[in-house]
Amino acid sequence: MKAVLALEDGSLFRGEGFGARASACGEVCFNTSMTGYQEILTDPSYKWQIVTMTYPLIGNYGVSRQDVESWRPHVAGFVIRELSPVVSNWRAEASLAEYLEQNGIPGIQGVDTRALTKKLRVRGALNGFISTEDIADEEALRRAKAWPGLIGVDYVKEVTHRESFVWDENDEQSAEFRLTQGLAGDPRQVRAALPPADLPIVAFDYGMKYNILRRLRQHGFRVRVLPATASAADALRHKPAGIFLSNGPGDPAALGYAVSTVRELVQTGLPIFGICLGHQILGQAFGGRTFKLKFGHRGGNQPVKDLESGRVEITSQNHGFAVDAASLPSEVVVDRINLNDQTVEGMRHRSKPIFCVQYHPEASPGPHDSTPLFARFRELICKA
Amino acid sequence: MPKRTDIHSVLIIGAGPIIIGQACEFDYSGTQACKALREEGYRVILVNSNPATIMTDPEFADRTYIEPVTPECVEKIIAREVEEMGRQGAQGKLALLPTLGGQTALNTAMALFRKGVLERYGVEMIGANAAAIERGEDRQVFKDLMISIGLDVPISGTAHTLEEAREIAERIGRFPLIIRPAFTLGGTGGGIAYNREEFEEIARRGLELSPVSEVLIEESLLGWKEYEMEVMRDRADNCVIICSIENFDPMGIHTGDSITVAPIQTLTDKEYQIMRDASFAVIRAVGVETGGSNIQFGVNPDNGRMVIIEMNPRVSRSSALASKATGFPIAKIAAKLAVGYLLDEIRNDITRETPASFEPTIDYVVTKVPRFAFEKFPQADPTLNTQMKSVGEAMAIGRTFKESLQKALRSLEIGRHGLGGDGKPWRFGDKVYGDRDVLPRELIRQRLSTPNAERIFFLRHALRAGFTVEEIFELTRIDRWFLAQIKELVDFEEDLAANGL
């Protein structure tokens, strides 16, 4: 199966197709994680993005039902250097190619992903078109150029749950992944214990990763998930002890409705914790601005410094936009920065119990250094 | 935190003569450390008995002693230097950095500590202190520590009667089992039991031979997957993984004799992150305050169970590999951390703009292949086991595993251009085969089932003789992912042979 990736700047990459026989437009971006491709594929924040992995060998350990971050993969297309000819891991249930095929997503391998990444590093993310349907080069380039792109478009509405629901009421999906130890029996049955779910909160779903929900549950929260379009009154009706704002795809400046809802919630004095897009929405609700980064942060090795403790966390990140520190009012403190480019990675309100981070403390994929932030949210609620 | 001003001079102990298992990698790390510390304005004192090293070139230290690396000799050096510092009116003390000269330096430093020399002269061990080194090096103390922090280790038990021995075997529930009698000279009377009969026999013999009638019975990890993590830690407890390594050869072969690959290839992110968390838990529990450590893991390929094998509380052979594989100069950074800097205060040598507090992520594959020289040691047993026998290694970088493996094999300078297909003959004992001859199945079977220096080439011979990946896995326990990669190389060779370029 021949495949092609065309970019809006006129460049063309040819390779071997895998996954579905399909075509799609999207913003082409790269991720530097060396593990965790299945979590990346299923992260709703990648809606309308064609993702390329900088690590060249992908598919080695297959896919598993345990490793999903939502109900399906969301990437528009997947671009890699070399697909593994076999799957080698005790948990593997299917191959990456089978998984993409089942979900109608085109993949292309045999691409010089280093050359592609260098191009994206110079030009920033580019619009592109991927196809495994034997499409003529001119047509592929035409479609890459014709795609309108991410700026100003609301993709949240495509990935948010339409109805409100309570996460994992029967505690079947939230236990932390553990490995079998010693002489224990079936390795698939190993589960960590969960504390009682005694703290009710609401979570605005802008495209939330499952591991955020798992982590919240692991910290004793009973989470009611609300659609992104829910109003402040909808949220308050559930009498939450705190409010969570999730990650999600696309341009944060296109989400006026979410910003005004959050602005109302900020006034209530309820504890609020935001992650990624949730952080950007809070930034705007505080009166700040967001802007598009030239090089988005996508990978599992981004150093973030907590300016108040001096500690450095290695974090998992996936964002193309950031909050402009200069635009924030004086009651908001920037308390975390990215050590690579000094951009804002965390904020807290001086007088209200509100904090947020631009990166992914839920990891999955990526390092667990920032897991304590979920405990911080709990403490904040218990103190309030 | 700025660098420490209470230190005037730093004593670095080198690794001494080059021996199997301890070669030029410690010259590389020691040289980096000397440069890093002089850069910071410390007076560097070096002791190494090997004048053929780079580090003993006059420009690397303020004073170089080419003397035996023994506690007695280093004690005299300390006495002389402390006196010298007094004469110079030095503000600050003498520090000893023992973690950069391999096991020799570590052992020497520990002997000086135990003799009370360090205390007598007011010398501070930096990088890792004596308690941490002890926790990392004493097998039983380390194992107990791992259990106390909730990490998994090989299951074992001690027995004083055959009945007790049988109970332990029953509890572990599968063969092979390792039996080690207590207090016998060089562990005589021990062995590996592959079935009940062998177990009864070895256990009975062990109990008889042990003066206290005691045997340790431990589950064997033979054939498990083997991994390594290179960790760094600073004074503020920031920890990072510099490099993850997967061994091509399964457990049972010394890492120094294994083909190793960076980064890890066959773990999911969930498993990798558990290994990363465990690595940090180990370095914290052992108490290596600053610098690098190497931590080894065994993973059961059938159920993912992950056990801690051991840790080196120092710069190791793998650190040199990890430094070259990632561009992160572990020894240099370890030296700077030892004198008080934090990871985010040190510049990244590659980007020059970002700090060293990050985890290198690479877009290539690094393969290290050991170099053997059994032709020079005709008496040596060429079977590979847990004792290191290689005399060197070649490392290569490629965009795929196949590319890096082929480059590394070619770099061994054993006359081969890769796995084979280079037109050169194969010699085994007095037998000579043509490059593309199909070798006898019996020879192949024998060379696959017993680990040896040529086994990598026999993977090609086996595939060309019609062995399936599954058959080869059963004989070698080399992960199927690696075998599938080798098969792609062999298939490509066949394609080239049939159709030309």
Side-chain angles (χ1 to χ4, degrees), chain A residues 32-40 53-57 60-64 66-67 81-82 84-92 112-114 117 177-184 186-188 190 299-303 305 309-314 339-341 363-369, chain B residues 1 150-152 155 171-173 234 236-241 244 263-274 276-277 280 299-307 342-344 351 353-355 357-365 399-402 469 479-485 487-488:
Chain A
T32 60
S33 302
M34 294 187 287
T35 53
Y37 52 83
Q38 194 185 356
E39 290 90 334
I40 289 164
M53 302 299 288
T54 57
Y55 187 67
L57 309 181
N60 302 3
Y61 55 75
V63 295
S64 140
Q66 282 178 308
D67 294 1
R81 172 70 171 80
E82 187 177 275
S84 174
V86 294
V87 158
S88 180
N89 187 281
W90 63 283
R91 292 197 302 133
D112 184 349
T113 48
R114 183 182 281 173
T117 301
F177 175 78
R178 290 274 169 88
L179 292 169
T180 179
Q181 287 206 337
L183 296 167
D186 184 350
R188 284 162 199 278
V190 179
N301 71 336
Q302 298 273 338
K305 185 162 187 168
S309 74
R311 286 286 290 268
V312 179
E313 294 160 18
I314 304 299
L339 286 177
N340 288 340
D341 63 6
S364 196
H368 298 160
D369 296 11
Chain B
M1 264 176 256
L151 295 179
D152 206 357
I155 305 162
R171 182 162 59 86
I172 297 174
D234 71 16
D237 195 29
N238 294 311
C239 292
V240 289
I241 300 288
S244 69
I264 285 173
Q265 303 294 337
T266 62
L267 292 184
T268 61
D269 186 67
K270 300 240 178 311
E271 294 159 311
Y272 174 79
Q273 299 303 338
I274 289 175
R276 182 178 181 274
D277 292 346
F280 295 165
V299 171
N300 184 335
D302 301 325
N303 64 11
R305 190 178 148 216
M306 179 187 295
V307 302
L342 300 182
L343 281 164
D344 62 299
T351 63
E353 284 169 15
T354 55
S357 55
F358 79 115
E359 299 199 339
T361 180
I362 55 182
D363 72 346
Y364 49 85
V365 182
R399 282 281 282 166
T400 63
F401 168 71
K402 296 181 279 282
V469 163
D479 193 278
R480 295 173 185 91
W481 186 84
F482 290 113
L483 297 178
Q485 298 288 319
K487 184 166 189 307
E488 286 195 328

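Naming convention: chains lettered A, B, ... in sequence-line order (proteins, then strands); numbering from 1 in each chain.
- With a 4.5 angstrom heavy-atom cutoff, Gln66(A) touches chain B only via backbone atoms.
- Using a 4.5 Å cut-off between heavy atoms, Leu483(B) does not touch chain A at all.
- Classified by interplanar angle (parallel below 30°, tilted 30° to 60°, perpendicular above 60°), the ring pair Tyr61(A)/Tyr37(A) is parallel.
- No part of Ser309(A) comes within reach of chain B, as not one of its non-hydrogen atoms sits under 4.5 angstrom from that chain.
- Interface residue Phe280(B): only side-chain heavy atoms are found under 4.5 Å from chain A.
- For Gln181(A), the parts lying under 4.5 angstrom from a heavy atom of chain B are both the backbone and the side chain.
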TODO: Would you check, one step at a time, whether the test side-chain hydrogen bond (donor to acceptor under 3.5 Å, both in side chains) holds for Asp479(B) with Ser88(A)?
DONE: CA-CA 8 Å; Asp479(B) 193 278; Ser88(A) 180; 2.5 Å; yes
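- Of the two parts of Ile155(B), only the side chain, counted from C-beta on, holds a non-hydrogen atom closer than 4.5 Å to a non-hydrogen atom of chain A.
- The contact between Ser364(A) and chain B is made by backbone and side chain atoms together, counting heavy-atom distances below 4.5 Å.
- Salt-bridge formation is not detected for the pair Arg81(A)/Asp363(B): no Lys NZ or Arg NE/NH1/NH2 atom is positioned less than 4.0 Å from an Asp or Glu carboxylate oxygen.
- Side-chain atoms of Trp90(A) and Asp302(B) include no donor-acceptor pair closer than 3.5 Å.
- Contacts between Arg305(B) and chain A at a heavy-atom distance below 4.5 Å involve backbone atoms as well as side-chain atoms.
- In summary, Asp369(A) and Arg276(B) engage in a salt bridge, as defined by a charged side-chain N under 4.0 Å from a carboxylate O.
- Ion pairing between a basic and an acidic side chain is recognised when a charged N comes within 4.0 Å of a carboxylate O; Glu39(A) and Lys270(B) show such pairing.
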